[in-house]
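Take a look at the structure below.
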Amino acid sequence: MVVRTRFAPSPTGYLHLGSARTALFNFLFAKNQKGVFILRIEDTDRERSKKEFVDDIIESLQWLGINYDEGPIFQSERIEIYKRVIEELLNKGKAYRCFCSKEELENKRLEQITKGEPPRYDGTCSKLTKEEINEKLSRNVPYVIRLKVPEQVLTFKDLLRGEIKYDLRLIGDFVIAKSENEPLFHLATPVDDYYQGITHVIRGAEHIPNTPKQILIYKAMNWKPPIYAHIPLILGEAGGKLSKRHGAKSIKEYRAEGFLPEAILNFLVLLGWHPKREKEIISIEEVIKEFNLEDVEKRSAVFNSKKLIWLNKFYLRKKTSQEIEKIILADEYLKYLRDYLNKYPKEITYKIIELGKERANTIKEIFETMKFLYEKFDYPKELLIWKDYTFDQIKSSLINVRENIKNIPEDKFNYEFIKQVLDTLSEDKGLTYWPLRVALTGLEASPPPIDIMLIYGKEKSLELINKAIDKLNDIQIS
RNA sequence: GGCCCCGUCGUCUAACGGACAGGACACCGCUCUUUCAAGGCGGAAAUACGGGUUCGACUCCCGUCGGGGCCA
């Protein structure tokens, strides 16, 4: 039997980390089993479904490399199929039309609650005769369609959790469609899973309570249910389900900040699963080989942004400047960084990226780290002070540095030579390098000064050193 | 509130019923170093609690508590 899995999001928001991981686990399991992974868009809720979100889901999955073999299949285009199933259920007496009004239902509900019973539909309309139904239909009394739910305990097997028992008496005859043309989630999902030959339904643990309802549809239609695996939820750092409105960023946002797909994938896979040999860095190809649903952790995982950042930094440092340039040029979402690529000659730009990526968490931060190269900067003169040295001592150090750099011939203006010159200027190298570095960057923390001088060139470097010396001259006047 | 799921360092996790309960992120030292980053070395840090079962429990059972989810 060929394994078939699916990722079935409702396009009511951008793809975020939680749903991306659900997609990923479906993908990994299918690939591990040499099976088929399907994308299905559950857009039966016309009100809340938006094309924009459909596009985002597709685009983000593609960016992450979670490629589907079939789809996207849109539920909105399959109304005829649901209609057929609904009619069959109606004809077989497995489902019925319920004409009860909102008020009636509400009254019944309150009554049940005061009696201490679980609130559920009492099945009034299931007892209607054919004549009564036709009479109501001819009068156009509004109705919904309910499934007849047997009074028993349903047990199903979850691949991660074992047997899960559910008392169906608590559910009552639930609504499966607003009408023949308007199927609800609990109908459309199992119908699609069946017709699309889904063998394994892998989804978030929030769907555990939905599963018995969906199995009931299978039973009513005499279909064989799939295997279910409910993977743990990802909780936000503040607690609670990671959700769009709970500050969870979309994949798109991570992408626009310059996170790398391999870092996000690596991060997500480690949330609930781990490789046999202890390691943190793992490629998706390796995971596909090893992936196993039974090994997936049962408890929900708290999202830890620090670890994501650590992974991203790791992968970023492994990229060459040319690769990073390529990413910026290819990705529309990083368009806003493209200007940085043209401010200096190409070779210099590579050098800048080289220095920046060693320190940055994201592609965006590469240029933030090196921002002194791109815009005017200022700093308080106190920043020039190294340890407990006086302004005078700092000033003479800078003058000394300036004169020595001035004397370096243009053709000797390279790393080794400059280093040789500067290293001899003082016993305490910090006295040479700290004020120089501040003069060149205006920052407390930055890449090393010689590298920066090589980017600026001799002339601009001397200009910035002079500016620092001027700052210190002011001191004496005041 | 009812039902369901879950419970190992702050976080992600490892540990055939039998090790000093291991690793990673974060944190704190030290080291390297002009600063930052990266690296190296080291540290603090957990089996929720209470009962059983067993020669022996993180591991199995029950209860309590806690967290989360779904429905209302």
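The model shown is predicted, which means the values in this text are computed figures rather than measured ones. Below, chains carry the letters A, B, ... as their sequence lines are ordered, and counting in each starts from 1.
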Could you pull out the protein-nucleic contacts involving nucleotides 36-39 of chain B (nitrogen or oxygen on both sides, under 3.5 Å)?
unit_1, atom_1, unit_2, atom_2, d
B:C36, O2, A:R359, NH1, 2.7
B:C36, N3, A:R359, NH1, 2.7
B:A37, O3', A:K313, NZ, 3.3
B:A37, O2', A:E358, O, 2.4
B:A38, O2', A:R317, NH1, 2.9
B:A38, O2', A:R317, NH2, 2.9

How far, in whole Å, is [M] from [N] if one measures between their [atom1] atoms?
| N | M | atom1 | answer |
| --- | --- | --- | --- |
| B:A38 | B:A48 | P | 33 Å |
| B:A46 | B:U54 | C1' | 25 Å |
| B:A15 | B:A24 | C1' | 16 Å |

Can you give the donor-acceptor pairs under 3.5 Å from side chains of residues 441-450 of chain A to other protein atoms, not counting sequence neighbours?
unit_1, atom_1, unit_2, atom_2, d
A:T441, OG1, A:R437, O, 2.9
A:T441, OG1, A:L443, N, 3.0
A:S446, OG, A:R437, NH1, 2.6

Can you tell me if [X] uses its side chain to pair, donor with acceptor, with the backbone of [Y] under 3.5 Å?
| X | Y | answer |
| --- | --- | --- |
| A:D43 | A:S49 | no |
| A:D451 | A:L355 | no |
| A:K249 | A:L17 | no |
| A:K157 | A:I164 | no |

Quiz prompt | Proximal nucleotide (of B:U34, B:C5, B:C25) relative to the A:K306 side chain | solution = B:C25
Quiz item: Nearest to the side chain of A:E278 - B:G23, B:U35, B:C5?
Solution: B:G23
Exercise. Just jot down the side chain to side chain contact (heavy atoms under 4.5 Å, CB included) partners of A:L159, sequence neighbours excluded, or say none.
Key: A:H200, A:I227, A:A229, A:L293, A:E294
From [atom1] of [X] over to [atom2] of [N], roughly how many Å is that when rounded to an integer?
| X | N | atom1 | atom2 | value |
| --- | --- | --- | --- | --- |
| A:L168 | B:G2 | CG | C1' | 15 Å |
| A:E237 | B:G68 | CD | P | 15 Å |
| A:Y166 | B:G69 | OH | P | 15 Å |
| A:Q214 | B:C70 | CD | P | 14 Å |
| A:I231 | B:C6 | CD1 | P | 15 Å |
| A:N312 | B:A26 | CG | P | 13 Å |
| A:Y433 | B:C32 | OH | C1' | 16 Å |
| A:R203 | B:C5 | CZ | P | 16 Å |

Quiz item: Is any side-chain nitrogen or oxygen of A:H274 closer than 4.0 Å to OP1 or OP2 of B:U13?
Solution: no
Quiz item: Do A:N312 and A:Y254 have a side chain donor and acceptor closer than 3.5 Å?
Solution: no
Quiz item: Does A:R6 have any side-chain hydrogen bond (donor to acceptor under 3.5 Å, both in side chains) partners at least two apart in sequence or in another chain, and if so, which?
Solution: A:D193
Quiz prompt | Contacts of type side-chain hydrogen bond (donor to acceptor under 3.5 Å, both in side chains), residue A:D295, not counting sequence neighbours | solution = A:K276
Quiz item: Which is true for A:P435 with a 4.0 Å heavy-atom rule: it touches a base, it touches only sugar-phosphate, or it touches nothing?
Solution: nothing
What nitrogen or oxygen pairs link the protein and nucleotides 7-12 of chain B at under 3.5 Å?
unit_1, atom_1, unit_2, atom_2, d
B:U8, OP2, A:R299, NE, 2.4
B:U8, OP2, A:R299, NH1, 3.3
B:U8, OP2, A:R299, NH2, 3.2
B:C12, OP1, A:V302, N, 2.8
B:C12, O2', A:L270, O, 2.9

Self-check item: Earlier contact from the 5' end, RNA chain B, for A:P232 and A:N210
Solution: A:P232
